[in-house]
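Here is the structure we will look at, set down as structure tokens.
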There are 2 protein chains.
Amino acid sequence: MENSFALRKVEVSLSPQERFEEYLQSRGKRMTHQRRVILETVFAQHEHFDADGLWEMVQQAGHQVSRPTVYRTLNELEDCGLLRRMQLGNRRVYEHDYGYPDHDHLYCERCHKLFEFQCEELERIREAVAREYQFRANGHRFIITGVCAQCSQGRRRPRRLELV
Amino acid sequence: MENSFALRKVEVSLSPQERFEEYLQSRGKRMTHQRRVILETVFAQHEHFDADGLWEMVQQAGHQVSRPTVYRTLNELEDCGLLRRMQLGNRRVYEHDYGYPDHDHLYCERCHKLFEFQCEELERIREAVAREYQFRANGHRFIITGVCAQCSQGRRRPRRLELV
DNA sequence: ATTTTTGCAAACCATTTGCAGCTGG
DNA sequence: CCAGCTGCAAATGGTTTGCAAAAAT
């Protein structure tokens with residue numbers, strides 16, 4: 001039997017690059033070398049990442065972009081709907097948003113990795129609760145914390161510094 | 001019909017004070033004037049609060065406690081199970097834990113207030129997803145974001161400074 | 001040519017920490 | 001008395017900002 005919580009695909013018409021271009025043009029902003037490099041780096045992989053991790057990836061790819069520019073660009077990418085932000089401890093973690101379905105997360109407290117799953121029932125619950133409280137819901141976050149399969153199997157290879 | 005997501009009561013045998021005393025004694029720590037003042041202030045109300053808000057409450061009650069002591073004591077109260085922490089934006093928000101049932105939250109993006117509700121189905125989903133991913137779950141957070149009834153009704157009285 | 005963007009250094013803000021003096025038991 | 005605690009000031013760490021130089025249109 002298939003994983004009943006697997007993510008379903010979402011079709012999109014524009015590439016992230018095209019979408020970002022449109023976003024920039026619509027606000028009189030410019031496509032710079034740095035923004036291009038950051039955009040490429042962000043969409044060259046699918047893992048969750050934070051500003052500092054992204055900065056390192058950019059460095060290692062041999063490009064020179066300052067940290068402030070990374071932060072500024074991340075805000076723009078979020079603003080234009082390409083990225084989605086999540087606060088984990090004192091760190092902001094990003095994931096692809098454009099072309100990705102809404103989903104929720106399992107968070108491993110040992111290796112600090114995030115796993116994604118999709119569950120329609122959550123939306124149902126959200127609506128039911130919102131109705132009860134006359135709340136105008138426009139989103140939710142469901143994070144299950146615990147220890148992932150790998151880490152449970154004795155292998156303790158910590159992945160990043162403490163995130164929580 | 002009753003609110004089906006209302007919180008059910010939980011009985012406890014010790015008062016927060018007693019429990020804190022036990023916690024302190026068990027670690028060779030001392031009950032100081034400051035810790036007593038903070039504990040009283042924390043359990044004199046039931047709202048969610050952050051370190052700075054607590055510090056102000058203490059001040060306004062006419063007591064002198066330093067910010068570092070507030071932070072240190074909050075960590076102890078969390079450690080001993082009296083308080084529960086939640087990260088909201090870049091701020092740590094606390095709520096009573098001892099004597100309170102597990103629950104989840106509605107978060108109003110307008111007035112930044114938190115509302116609580118209880119929904120057993122969430123635990124079921126948590127377990128089902130965890131099983132699928134061979135994840136050892138030991139908790140979850142479900143936060144519904146949106147606008148609360150009051151704020152929807154045109155009254156915009158912002159409550160605190162920006163939390164997200 | 002004009003306006004936006006960048007990089008640097010400094011500012012910020014919530015939280016933590018080193019340390020000398022104070023205090024609870 | 002002495003270990004543990006407090007307050008102060010300074011450090012921390014992630015993120016933002018002011019500003020002058022550089023780049024995009």
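Here is the naming used below: chain letters follow the sequence lines, and residue numbers restart at 1 for every chain.
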Mapping B:Arg27 and A:Arg30 to their closest nucleotides on DNA chain D, which lands nearer the 5' end? B:Arg27

Along DNA chain D (nearest heavy atom to each residue), the more 5'-positioned of B:Glu76 and A:Arg67: B:Glu76

Looking at [N], I'd like to know if its phosphate oxygens (OP1 or OP2) sit under 4.0 Å from a side-chain N or O belonging to [X].
{"X": "A:Thr69", "N": "C:dG7", "answer": "yes"}
{"X": "B:Gln34", "N": "D:dG7", "answer": "yes"}
{"X": "B:Arg92", "N": "C:dT16", "answer": "yes"}
{"X": "B:Tyr71", "N": "C:dT15", "answer": "yes"}

Are A:Arg124 and A:Glu121 ion-paired here, with the side-chain N under 4.0 Å from a carboxylate O? yes

Rounded to whole angstrom units, what separation is found between the [atom1] atom of [X] and the [atom2] atom of [N]?
{"X": "A:Asn90", "N": "D:dT16", "atom1": "CG", "atom2": "C1'", "result": "16 Å"}
{"X": "A:Arg36", "N": "C:dT5", "atom1": "CZ", "atom2": "C1'", "result": "14 Å"}
{"X": "A:Arg72", "N": "C:dC8", "atom1": "CZ", "atom2": "P", "result": "11 Å"}
{"X": "B:Gln59", "N": "D:dG7", "atom1": "CD", "atom2": "C1'", "result": "13 Å"}
{"X": "A:Leu24", "N": "D:dA23", "atom1": "CG", "atom2": "C1'", "result": "15 Å"}
{"X": "A:Glu21", "N": "D:dA24", "atom1": "CD", "atom2": "C1'", "result": "13 Å"}
{"X": "B:Lys29", "N": "C:dG25", "atom1": "NZ", "atom2": "P", "result": "14 Å"}
{"X": "B:Asp52", "N": "C:dC13", "atom1": "CG", "atom2": "P", "result": "11 Å"}

Is a donor from one side chain sitting under 3.5 angstrom from an acceptor on the other, for A:His46 and A:Glu116? no

Can a donor-acceptor pair be found between the side chains of A:His140 and A:Asp104 at a distance below 3.5 Å? yes

For A:Val12 versus A:Gly99, what's the shortest heavy-atom pair and its separation? CG1-CA, 3.6 Å

Kindly point out which of [options] is positioned nearest to the side chain of [X]?
{"X": "B:Val65", "options": "C:dC8, D:dG7, D:dA3", "value": "D:dG7"}
{"X": "B:Thr32", "options": "C:dT3, C:dT16, D:dT6", "value": "D:dT6"}
{"X": "A:Ala51", "options": "C:dT23, D:dT16, D:dT15", "value": "D:dT15"}
{"X": "A:Arg35", "options": "D:dT6, C:dT5, D:dT17", "value": "C:dT5"}

Any chance you could measure B:Arg91, atom CZ, to B:His112, atom NE2, to the nearest 0.5 Å? 9.5 Å

So CD1 of A:Ile144 and CZ of B:Phe142: to nearest 0.5 Å the spacing works out to 11.0 Å

Scan B:Gln64 against the nucleic acid and name what it touches under 4.0 Å (heavy atoms): base, sugar-phosphate only, or nothing. sugar-phosphate

Any side-chain heavy atom of B:Glu95 within less than 4.5 Å of one from B:Tyr100? no

On DNA chain C, nearest-nucleotide positions of A:Gly28 versus B:Met31: which is more 5'? A:Gly28

Wobble G-U and Watson-Crick pairs count when both distances are under 3.5 Å; given that, what is the 5' to 3' dot-bracket string of DNA chain C, with | for pairing to other strands? |||||||||||||||||||||||||

